[in-house]
Amino acid sequence: MRFRFCGDLDCPDWVLAEISTLAKVSSVKIKLLCVQVLRDLLGDGIDYEKITKLTADAKFEPSDVKATVAVLNFILASAAKYGVNGESLSSELQQLGLPKEHAAALCKSYEDKQTALQDKLKESSLRLNRLGSVSWRVDYTLSSSELKEVNEPVVHLKLNVQNVDTGALEPTVALVSAVKFRVLLTELKQAQALMNALN
Amino acid sequence: ERERGGSGVRERERGGSGVRERERGGSGGGPCAEARAGAKMLLVLAEEHKEHLGFLTRVDAAVVGEFCRIAVEFLKKGSNPKIFEGAARKLNVNTETVQNGVEGLMYLMTESSKMMISEVDFQDSVLVLGFSEDLNKLLLQLYLDNRREIRQILSELAPDLPHYHNLEWRLDVQLASRALKQQIKPLLTLKLHLEQNGRRNASVFQTDPATLLHLIRKLEQALNEMKTNHCRRIVRNIK
């Protein structure tokens, strides 16, 4: 069976198995559990103690608690990834055997945070090193060891590249003559025009 | 786990005089163990090893029990030489004697666990040492209780090659470059995260869709190899 929230593929077996574990918790608790899992997905960290407290009533073993968090994490992240709306998600989860109230509670939490979740996922998409900042300085060369009167402007350009793995800023410095700089500027303006046309 | 006793697989192992490197404990300077298989697999212990273990007969049962416990602790967590000194002082013997005794025990355990020898074979191997009935029983119990965990530790000592940790990907379309405007060139950027010995590094690749499809086809072919009769026969015989 193909599910939209799984990207039009089969639902993984382990998710199927853990749906029944989810059903053991009350639907109110499901909503609160979703809030915690969503906080983790949005990068705010997860309060594991709260989760253990919420699942205490259902007498979950530690492995059950972890399974619940994992399956909620998968459902919410996958639904946001494939852009599924709350209603479709609810009906698909019910097809998998999740009771109606549970599905409704889960999807309500999902809908509240869907946009935020998708933005966060967009941010964490693969990026290579990115430009942190640019600084420049224009100098005027008066004279040099080769020629007595040079009288030329020159640009010092410093590009700070942020390494995506270490997060450190790596500077690259270049000296650009007036002519070269004009070429650079023209080309970059062309690229900018193309980007604006697409936006 | 492989039960080699009785399957007719021959295995010979020569320790030689070279030092066997082990990260967690083990006797230095190599008393060697030779395992001969066939119907029975016996541990043949070197003279030096027997001497070291002989120390156990000269102390009482409680001490032997303590040494056994220490030996297993050291196998799990690494050895602590200070314990040898403390014990030596209490027993009024050489530190070296205590160390040899404990390390002899550790080596006996690792060799037995490594070969996964049966109870009977273990008892026969230990008989050679001339220990009391109780001591033999104690050693057997120690072996049976701990062999699974020891095997797990030994499996972690195998060399570690870089292995898969994570894969990120991104699909882009190149629309223009400085040299050529008005293009449509789909590109797939992949970042493969690998892990080796606890250290991570990542490699970035770029490919076009045709190469990607080729890559996928090759990997699927590799997976399908597992379903051929040849592989199935081998997997069945390993179990």
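Basis for what follows: all heavy atoms, side chains included, without hydrogens, waters or symmetry-related copies. Letters A, B, ... mirror the listed sequences (proteins, then strands); counts begin at 1.
Of the two parts of A:T186, neither the backbone nor the side chain holds a non-hydrogen atom closer than 4.5 Å to a non-hydrogen atom of chain B. Both the backbone and the side chain of A:L128 have a heavy atom closer than 4.5 Å to some heavy atom of chain B.
Shown here is B:K191, whose NZ atom has more than 12 heavy atoms of other residues, nucleotides or ligands within 6.0 Å. Sparse packing is recorded around CD1 of B:I184, with 12 or fewer heavy atoms of other residues, nucleotides or ligands lying under 6.0 Å away. Around the CG atom of A:D44, the shell of radius 6.0 Å holds more than 12 heavy atoms that belong to other residues, nucleotides or ligands. For B:H163, the NE2 atom counts as densely surrounded, since its 6.0 Å shell holds more than 12 non-hydrogen atoms of other residues, nucleotides or ligands. With a 6.0 Å radius and a threshold of 12 heavy atoms from other residues, nucleotides or ligands, B:E195 has its CD atom above the threshold. Counting non-hydrogen atoms of other residues, nucleotides and ligands closer than 6.0 Å to NE2 of B:H214 gives a total of 12 or fewer. Other residues, nucleotides and ligands contribute only 12 or fewer heavy atoms inside 6.0 Å of the CH2 atom of A:W136.
A search for ring-ring contact (aromatic ring centres under 6.0 Å, His included) contacts involving B:Y143 returns B:F122, not counting sequence neighbours. For B:E168, the side chain to side chain donor-acceptor pair (under 3.5 Å) partners at least two apart in sequence or on another chain are B:H193.
Scanning residues 217-226 of chain B against chain A with a 4.5 Å heavy-atom cutoff picks out nothing at all. Within residues 199-206 of chain B, the residues approaching chain A closer than 4.5 Å by heavy atoms are, in numerical order, B:V204.
Side-chain contact between B:L175 and A:L198 is present, with at least one heavy-atom pair separated by less than 4.5 Å. Looking at B:R170 and A:R127, their side chains come closer than 4.5 Å, going by heavy atoms from C-beta outward.
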